[in-house]
Each structure stands twice: as C-alpha cells, then as structure tokens.
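Note that the structure is predicted; figures quoted are calculated from it, not measured. Below, chain A is the first sequence line, B the second, and so on; all start at residue 1.
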Protein chains: 2
Amino acid sequence: MRNKQKQIQLRDVQDVIDIIGGRWRGAILASLCDKEKRFNELKRDLGNITPRTLTKELKYLELNKLINREVETRSTLSVVYSLTKHGRSLEPLIDSIVSWGQRHRKIVLG
Amino acid sequence: MRNKQKQIQLRDVQDVIDIIGGRWRGAILASLCDKEKRFNELKRDLGNITPRTLTKELKYLELNKLINREVETRSTLSVVYSLTKHGRSLEPLIDSIVSWGQRHRKIVLG
DNA sequence: TTTAGCAGTATCCTAAAGGATAGTGGTATT
DNA sequence: AATACCACTATCCTTTAGGATACTGCTAAA
C-alpha cells in the first residue's frame, strides 16, 4: 500500500522531471517567463540551440499545455510562443527548486 | 542583469534536475526515504535495475552528499545505504513536485 | 532583382545513458 | 564439497538526446 503510493508519486516526479529536465526545456520556459517570444527570438535568446531541437522542444511543451503557439497571419508570417496559465503555475515550483539547488551547491562545494 | 540572474537560476535548476532526474535517481532516493537499505535490497526494491547502473547511481548520490555508504565488516560483508541529513532535506521539494505533477496529469489528460 | 529575415524541415552524425550478460572474491548454509 | 547469497566489476550493445549543416517556401526591404 505504502509501496503502491510511492510508485504513483514516482510517476509524478518523473513527469515533472521530463518537463523541466533535459538540456533546453527549463531554459525555454524561463525565457518565456520573461515575456512571450517568437521562434527566432527564442533561438537568439537561448544562444546555441539548433532550430531542429527548438522545434521539437516547443512541440513537446505545447503538447503538455505549458505553452501556446499562435500564428499571426498578417502579410508576413509570425508565430508567437507564450506560457499558458498552467505553464505559469510552474514558476513557484521552479523557485523552490532553485533555492534547494543553491543550498545544495553550498553543501557540496563548501 | 535580469538575464545574468536567470542564468544562475538555470544552473541551480539544472543541478537539481541532474540529481532527481534520470531513470533511477529519484526512485533510489524515494526508496531510501522509506528506510536505509543494503545493495541487493535496493536492487530488489527497484525492480529491474542492473547492478552496473545501481553502483553508478549510488556513487553519484554519495558524491553529492545525499546518501551515506557504510560498510559493516562483521564476519560477512554488509553495505548499508541511507539518506544523509541533506538527502532528507529533499523530501519537501519532492512533495511539491509531486503535487504539481498530479495537477499537471489532470490538466494534460482531462 | 538580389538580399535578408521569418519559421521551420530534412539528413546525417556523435556522445552519453543505461540495458544484457557474465564473472569475481568473499562468507554462510546444506 | 557443492550451492547460494553478498556486493559488486567488466564487457558489450542499443537507444536516445541533441549537435552540425543544408535546405525550403514565404515576404519585405534595399
């Protein structure tokens, strides 16, 4: 019973790890916390991400309802990515992760 | 400035992701939350982890001061792994991750 | 009309994580 | 004396993430 409970929790932890883990997803979410951005704007912001990877990661985040993808078909093509409400709900979690990470850094290095 | 700050935070997030991320580390920590365990006990607990991987992950967690490795040389060899104080400090963080993960599951599936 | 920017796609390649399987040196059990 | 459990180590192999590079179809500016 206790074990079953633990299994379920592990699944949830795994979900969250998948979302903010990896080389880029956390960075993309952080960048969009700042403000909504277009594809190439994100690309520049993230430095050396390849378009292939950026496309893939954005699709993943969209599937997980963390970001919106809005195509504005004015004369020229423009695609805007922004956090959903659900995506913004990650911010406090990321904050606590950051504070634990900072304590951790001190303990491991100091 | 705001950007520099963000970079630092990303580094911290990355640290934490490394620690509880991956296929096994979260599971190992969760299993040790329950109680201290020996190598083969952990192995059985985790199901289908290979000894090669378990050894590697335990070393990583030990290096990061999250678990203790104690060798008891009675007549027969026995090695006990347990959470350090620092390791136990992860529990509340894991709890908030779990609750966000549960809300997330509902939103994505429902 | 060439050039540049937009939002990607397509193809190839490398490095790292981690599974499969077998073996090691020790002790305790039958 | 043979078998089994302990805590691993060694070797090989597959899968996956993600980088490098080139290209596409479109529009706007020079």
Please report, rounded to the nearest Å, how far the C1' atom of C:dG18 is from the CD atom of A:Gln14. 14 Å
Mind checking if B:Tyr81 touches a base, just sugar-phosphate, or nothing, with heavy atoms under 4.0 Å? sugar-phosphate
Between the side chains of B:Arg38 and B:Glu70, is the shortest nitrogen-to-carboxylate-oxygen separation below 4.0 Å, so that they form an ion pair? no
What contact category does B:Glu72 fall into here, base, sugar-phosphate, or nothing, at under 4.0 angstrom with non-hydrogen atoms? nothing
What's the NZ-P distance between B:Lys37 and D:dC6, to the nearest Å? 15 Å
With sugar-phosphate meaning primed atoms plus P, OP1 and OP2, does A:Glu41 contact a base, only sugar-phosphate, or nothing at under 4.0 Å between heavy atoms? nothing
Length of the CD1-C1' vector between A:Ile17 and C:dA17, whole Å: 16 Å
Just to be sure I understand the rule, does A:Thr55 reach a base, reach only the sugar-phosphate, or reach nothing, if contact means heavy atoms closer than 4.0 Å? base
What pairs of donor and acceptor atoms, side-chain ones from residues 101-110 of chain B against any protein atom, are under 3.5 angstrom apart with sequence neighbours left out?
residue: B:Gln102; atom: NE2; partner: A:Asp12; partner atom: OD2; Å: 3.3
residue: B:His104; atom: ND1; partner: A:His86; partner atom: NE2; Å: 2.7
residue: B:His104; atom: NE2; partner: A:Asn64; partner atom: OD1; Å: 3.2
residue: B:Arg105; atom: NH2; partner: A:Asp15; partner atom: OD2; Å: 2.9

When you measure from the side chain of B:Phe39, which nucleotide among D:dA7, C:dG18, D:dG19 comes out closest? D:dA7
With the side chain of A:Arg23 defined as its heavy atoms from C-beta on, choose the nearest nucleotide among C:dG18, C:dA7, D:dG18. D:dG18
Length of the NZ-P vector between B:Lys59 and D:dA7, whole Å: 15 Å
From the candidates C:dA17, C:dA7, D:dA7, the one with an atom nearest any side-chain atom of B:Lys56 is C:dA17
Pair B:Arg69 + B:Glu62, salt bridge at N-O below 4.0 Å: no
Salt bridge B:Lys35-B:Glu41, side-chain N to carboxylate O under 4.0 Å: yes
Contact class for A:Arg52 (heavy atom, under 4.0 Å): base, sugar-phosphate, or nothing? base
Which is more 5' along DNA chain D, the nucleotide nearest A:Glu57 or the one nearest B:Leu77? Just name the residue. B:Leu77
Once you round it to whole Å, what is the distance between C1' of C:dG18 and OH of B:Tyr60? 16 Å
For the CH2 atom of A:Trp100 and the CG atom of B:Leu90, what is their distance to the nearest 0.5 Å? 4.0 Å
Close approaches to DNA chain C from residues 24-32 of chain B, in residue order (heavy atom, under 4.0 Å): B:Trp24
Which one, D:dA20, C:dC6, C:dA22, comes nearest to the side chain of A:Arg38? C:dC6
Check every strand shown and say whether B:Thr76 touches a base, only sugar-phosphate, or nothing at a heavy-atom separation below 4.0 Å. sugar-phosphate
Report yes or no: do A:Ser99 and A:Ser96 form a side-chain donor-acceptor pair below 3.5 Å? no
Round to the nearest Å and state the distance from B:Ile49 atom CD1 to C:dG19 atom P. 7 Å
Let me know the distance between CD of A:Glu70 and P of C:dC6, rounded to the nearest Å. 19 Å
